[in-house]
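One structure below.
Note that the structure is predicted; figures quoted are calculated from it, not measured. Protein chains get the first letters and strands the later ones, always in sequence-line order, with residue 1 at the start of each.
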2 protein chains.
Amino acid sequence: MYVLNGDEMAKRETTQDKLLNAAEALFAEQGFEQTSLRQITTAADVNLASVNYHFGSKKALIQAVMARYLEVFMPALQTKLQQLGQQESFNTRDVFDCFREPLSGLSQVQKHGPTLFLSLLGFAYAEIQGHLRRYTMEHFGEVMALLLETLHQANPQLSPVDMFWRLHFVLGATVFAQVSGPALREIAAADFGEAVAAEQVIDRLIPFLAGGVDAA
Amino acid sequence: MYVLNGDEMAKRETTQDKLLNAAEALFAEQGFEQTSLRQITTAADVNLASVNYHFGSKKALIQAVMARYLEVFMPALQTKLQQLGQQESFNTRDVFDCFREPLSGLSQVQKHGPTLFLSLLGFAYAEIQGHLRRYTMEHFGEVMALLLETLHQANPQLSPVDMFWRLHFVLGATVFAQVSGPALREIAAADFGEAVAAEQVIDRLIPFLAGGVDAA
DNA sequence: TATAAATTAAAACGCATGTTTTAAATGTAT
DNA sequence: ATACATTTAAAACATGCGTTTTAATTTATA
């Protein structure tokens, strides 16, 4: 009888994990709609039908991919925001800085977790697909309310409706930066001779966002 | 022999115009990929094959829809930017205000031209389709260079590469605001009891953008 | 009015997608 | 070892898409 040794045990991936890993990489690169089940199953080296067998549908696979990150990220962000809320004074920049640790913490679930997650989130918002928008909104919704409230505390001079709009502008800039990030980094590298790592884009983004929110 | 009177002459739409009008409305609402030729030709009340007969392909139809607006908007924006460039001193806000007149001028080509155009532009960027990105970049590219230069004049303290990134963040926030504009206006109206016209979104957007670009 | 060109209509084509079905293989208990 | 459930494999299915083809019809031209 053949027994797996430790290394082989570690390497052994279930079909579902193979699918999740292959899918998230392709989704983050091409978007959800543009990625076919045949691409995914080929990359994962499993049978085409296994997506429907293990997940039920493509929709469910997409949500499973998102869930792996959301379940780690959202509670972490919530904690950070709550901690900040207990301070007696903070500014917009402090609020956005709350995203940094939860984001980089995603490298636990995957080596390039932080980048992948932001790309996925970007596509989730960019693609108008109802179910995805609803799904992410459901999971983002609770934290969003807290975020809105925290931002309002940081900027009491702005009315709630003003903050609502600015928060969504923030979301748009973030999403867009991630989705078109690879292309932009290429252009930037070509035009300015200076390579920019994916992680550094967020360092450029945060001051921009804080400036926008704080604007008169 | 039956002769059309003045009114009937004016109402008479060629098949191509029927297609362009039906297409732009559906594109602005659903995006380019999500809109099928069958939807378009049904809405336009023409035969399915007429898209390929008159335009050659769906791709060409999309570009024709964009061209109707770009050909009006881009020269107008260019003029405005050049005028501003001749002033000896101006700030970021002045640069973004250059977009207002060219944008509202689009109501000439269609009643809701300004809103439609921004939505179309939003989808053109949001959808990763190569040809659209290239096409709009080609037509946006010349003006983009001028815009980048003008913004740099307004903010000499920012390095060109910094300004490059911030300009793209600006684009992202704008695009996103338009694409998800209808949904957001709904939420805002429900949550804050205050209806926001599509045109007013840009009034909220511009201060945000200027603040972001000007950020330390 | 007769002829040619341009346009519209209807149907079919080729292709890719997500999903389902049916059969084989594998694993797991009794 | 046998019977059962789980998983994989291969093929087919149904659907919607952009496009092309062929024929009918309208419009323009001589």
Kindly say whether, by distance alone, the side chain of B/R38 makes a donor-acceptor pair under 3.5 Å with the base of D/dG16? no
NZ/NE/NH1/NH2 to OD/OE distance under 4.0 Å, B/D45 and B/K18: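 Answer for the salt bridge query: no.
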Atom [atom1] of [X] and atom [atom2] of [N]: how far apart are they, to the nearest Å?
| X | N | atom1 | atom2 | result |
| --- | --- | --- | --- | --- |
| B/K59 | D/dG18 | NZ | C1' | 12 Å |
| B/E33 | C/dA16 | CD | P | 15 Å |
| B/N52 | D/dT21 | CG | C1' | 12 Å |
| A/K58 | D/dG16 | NZ | P | 16 Å |
| B/L61 | D/dG18 | CG | P | 10 Å |
| A/Q34 | C/dG18 | CD | P | 11 Å |
| B/L37 | C/dG14 | CG | P | 19 Å |
| A/F55 | C/dT19 | CZ | P | 13 Å |

If the condition is ring pair (Phe, Tyr, Trp, His ring centres under 6.0 Å), which residues does A/F117 pass it with, not counting sequence neighbours? A/Y69, A/F73
Across all chains, not counting sequence neighbours, the ring pair (Phe, Tyr, Trp, His ring centres under 6.0 Å) partners of A/F99 are none
Among residues at least two apart in sequence or on other chains, which ones pass side-chain contact (heavy atoms from CB on, under 4.5 Å) with A/L48? A/L37, A/R38, A/T41
Name the orientation class of the two ring planes belonging to B/F32 and B/F27 (parallel below 30°, tilted from 30 to 60°, perpendicular beyond 60°). tilted
Using rotation axes that map the C1' atoms of four end pairs onto the next four (five pairs an end), what angle separates the end axes of the helix from C/dT1-D/dA30 to C/dT30-D/dA1, to 10°?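 About 0° separates the two local helix axes.
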Taking B/R93 for the side chain and B/A210 for the main chain, is one N or O donor matched with an acceptor at less than 3.5 Å? no
Sub-3.5 Å donor-acceptor pair from the side chain of B/S50 to the main-chain atoms of B/Y53, do we have one?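 No: the side chain of B/S50 does not pair with the backbone of B/Y53.
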Using distance only, find each side-chain donor-acceptor pair of residues 100-111 of chain A under 3.5 Å and give its atom names and separation, not counting sequence neighbours.
| unit_1 | atom_1 | unit_2 | atom_2 | d |
| --- | --- | --- | --- | --- |
| A/R100 | NH1 | A/D97 | OD1 | 2.9 |
| A/R100 | NH2 | A/D203 | OD1 | 2.2 |
| A/E101 | OE2 | A/K80 | NZ | 3.4 |
| A/S104 | OG | A/R100 | O | 3.2 |
| A/S104 | OG | A/E101 | O | 3.2 |
| A/S107 | OG | A/S104 | O | 2.7 |
| A/Q110 | NE2 | A/E24 | OE2 | 3.3 |

For the residue pair B/Q16 and B/L61, establish whether any side-chain heavy-atom pair is separated by less than 4.5 Å. no
Show me the protein contacts with nucleotides 7-10 of chain D, counting only N or O atoms at under 3.5 Å.
| unit_1 | atom_1 | unit_2 | atom_2 | d |
| --- | --- | --- | --- | --- |
| D/dT7 | OP2 | A/Y53 | OH | 3.2 |
| D/dT8 | OP1 | A/T15 | OG1 | 2.5 |
| D/dT8 | OP2 | A/T15 | OG1 | 3.4 |
| D/dT8 | OP2 | A/H54 | NE2 | 2.7 |

Quick one: label A/T41 by what it contacts on the DNA or RNA (base, sugar-phosphate, nothing), any heavy atom closer than 4.0 Å.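 No contact at all - A/T41 keeps every heavy atom at 4.0 Å or more from the nucleic acid.
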